[in-house]
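In what follows, chains carry the letters A, B, and so on, assigned in the order in which the sequence lines appear, proteins first and then strands, with residues in each chain numbered from 1.
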Number of protein chains: 2
Amino acid sequence: MDGISERKKNILRIVVDEYIQSALPVSSKAITQKHLKDVSSATVRSELSALEEMGYLIQFHTSGGRIPSPEAYKLYIDELMERSALTPEQVRYVKDTFDTRVSRAESIVKSVADVISELTDYTSVALSDPSAEKVKNVGLFPCGKTALLLLVTDLRILKDSFIPLPEGMPEEELARISTILQSVFGGRRMDRVREAEAEAMQAFTAYKETCREVLDALFAYTSRKDVVLSGGNKSIRRAEYRDVEKVEEFLSLVESKERIGELLAQEESEIQIRVQIGGEGVPSDCSVVTASYSAGGRQLGTYGVVGPVRMDYAKVVSVLESVGEILEKVIKNG
Amino acid sequence: MDGISERKKNILRIVVDEYIQSALPVSSKAITQKHLKDVSSATVRSELSALEEMGYLIQFHTSGGRIPSPEAYKLYIDELMERSALTPEQVRYVKDTFDTRVSRAESIVKSVADVISELTDYTSVALSDPSAEKVKNVGLFPCGKTALLLLVTDLRILKDSFIPLPEGMPEEELARISTILQSVFGGRRMDRVREAEAEAMQAFTAYKETCREVLDALFAYTSRKDVVLSGGNKSIRRAEYRDVEKVEEFLSLVESKERIGELLAQEESEIQIRVQIGGEGVPSDCSVVTASYSAGGRQLGTYGVVGPVRMDYAKVVSVLESVGEILEKVIKNG
DNA sequence: GTTGGCACTCTTTTCCTTTAAGTGCTAAAA
DNA sequence: TTTTAGCACTTAAAGGAAAAGAGTGCCAAC
């Protein structure tokens, strides 16, 4: 026995569903009229007051209906809510996005964040930590008096910066350096790139200074964790943010890449869903649902949805799970 | 004679300044107390009502002070406001940003937009039209089973996409194609790239199919106008957008790249400032200040600031002009 | 255990009054 | 002719009481 009857659970689910949808406190009458037509409002009322007693519901004033507590949301997420699969069109949309984005060499992390925001209608955030990626190709692309340093990892995240070249450096030299870079660093995990510094420097025979610069730029990539945001102003349209102060609070969270980074930087199992409602670095009226994606033992980034506590968790969790599965497949086949 | 006395102009300037700062209707009393201590409020009052008669001021109700009309803003921008130069720190900030961004190969258009938004504290938009840019370097970068098509223009806008390669294609072939691409297209204006299609196809001797794909991807770049946004949620914090509907209106403008593109896609002289207040594709409560930058006869993009009608035009115009000058210098020396 | 009924509580709405701000006008002063 | 002081007038904003509305809690009956 869980201490909480099936009927109570059902009623709690109704309350949460209803409140998520309407943003209004839920009354016993509304429940009996819309969902539980076979019992009277008085019955529901007694159940509601029991649920309040147990800490699942909150009542601001005696005539104001009830809203779910954070505990209710947790229970809702764990047991009550009904997940829904993506529609075939949505699945197609996700795959198409990945395909076209990847061929246009856009960061896959950004693409995933965009897709999540698009499907959930909430602000999404993502943390791309390059440590676990593998260097696929690295080299210099000639560009007049400068060269473009390129690094392509197996996640297809592409980074680049211009390196000034000394006067009169022959073009073959660039190719030589590229070959060395590729043979020394190719296939390495990003967090192991630095270890090959000595080896690389030894292989460089001329233009050591330029090579030094190249290495420095390259090393800078390997540790650059990137926080990506998508759909930033979707949240502003939500009911809880009619209040300017709340918007401020939300924006200050979302705009601070450090704080978002901290929220995301954790865990790393399979598609792992984690929900933080208020507290611990999250403003009281915000909720963060994060998911860590990985495939073949490699992290594919941590993604999250940020929004008000009254969030459509069923939708968000469904989307996060589905997108994760699709991404895994895409990565494995790519 | 302009039909409008110096004193009227002065008073109008005070009203606009005051209203821009406070967002509150300006009263005759406030004017005499803060600025015109040598005349009485009654005098100012008669001037104000004359200015209202002339269409420069608007009064919502008889006891509510007055606010500037769009015509007043126009006059203010043309004659009344005092421009201010950037502080030395700001100038340094702009230059530094350009320097580091360019060496990190970020789009200069995005950098300019960021700088403008940062300095003005408004949402900024930019339209990068590649037509007038010149191809600096173009080529393929080997990347396993695919190749990365890279295009660097003199504005350092870098575009790239992955091209799948046929099985067993030798690496030298990539270099060959790159050389051809560079010699055929290098130095061309972007809008002239297409014209060399036949010449390029003729030069390709093998792997014609892949070459075709490369050309298609390349041509796609040449026409891709890009709308860039920066500081999107700065505007939401402004006084006029306490109202959710207004925010909606603003966001729907800002989020629609087409509409922004239309607003920006015009003119092309020197640093050309243009102001649109309401009307013609701009929501009634929005104002757009655009500036077209060019150096040495070449367009460097069109930039704009989007915000409420009550905008700090003096600041915005000053920033747009100053940033334009700095950008010109940077481009000429680069 | 469930239900109908009803009193009770608290918010929301409405309407009215008061207050405050600012103007418009006029007659006098400069 | 322009400026000023004074005062009546207008209107929004602020305050407050009363009425309405929504929901609950509880009790007695089923």
Test: B:R238 cationic atom under 6.0 Å from B:Y122 six-membered ring centre, within 45° of axis:
yes
If you count heavy atoms of other groups shown closer than 6.0 angstrom to CD of A:Q21, is the number above 12?
no
Side-chain heavy atoms of B:R310 within contact of B:S287, under 4.5 Å
no
Mind telling me whether B:Y313 and B:Y76 have parallel, tilted or perpendicular rings, with 30° and 60° as the class edges?
perpendicular
Closest non-hydrogen atoms of A:K29 and A:T32, given as atom of the first, atom of the second and distance, are O-OG1, 2.9 Å
Between A:E79 and A:R13 (salt bridge meaning N to carboxylate O under 4.0 Å), is one present in this structure?
no
Any Lys/Arg nitrogen of B:E255 or A:R237 sitting under 4.0 Å from an Asp/Glu carboxylate oxygen of the other?
yes
Reading DNA chain D from 5' to 3', where do the contacts with chain B start and stop? Cut-off is 4.0 Å to heavy atoms.
D:dT3 to D:dA12
What is the minimum heavy-atom distance between A:L86 and A:L119, and which atoms define it?
CD1-CD1, 4.1 Å
Hey, which of these two, B:D38 or A:S27, hits DNA chain D nearer its 5' end, going by closest nucleotide?
B:D38
Which parts of residues 39-48 of chain B get close to DNA chain C, meaning a heavy atom less than 4.0 angstrom away?
B:R45
Can you check whether A:Y303 reaches A:V323 side chain to side chain, under 4.5 Å on heavy atoms?
no
Tabulate protein N/O versus nucleotide N/O from nucleotides 9-16 of chain C, keeping only pairs under 3.5 Å, one per line.
{"unit_1": "C:dC10", "atom_1": "O2", "unit_2": "A:S63", "atom_2": "OG", "d": "3.0"}

Are B:E118 and B:K234 within salt-bridge range, i.e. N to O under 4.0 Å?
yes
Report yes if at least one side-chain N or O of B:Q59 is closer than 4.0 Å to OP1 or OP2 of C:dG24; otherwise report no.
yes
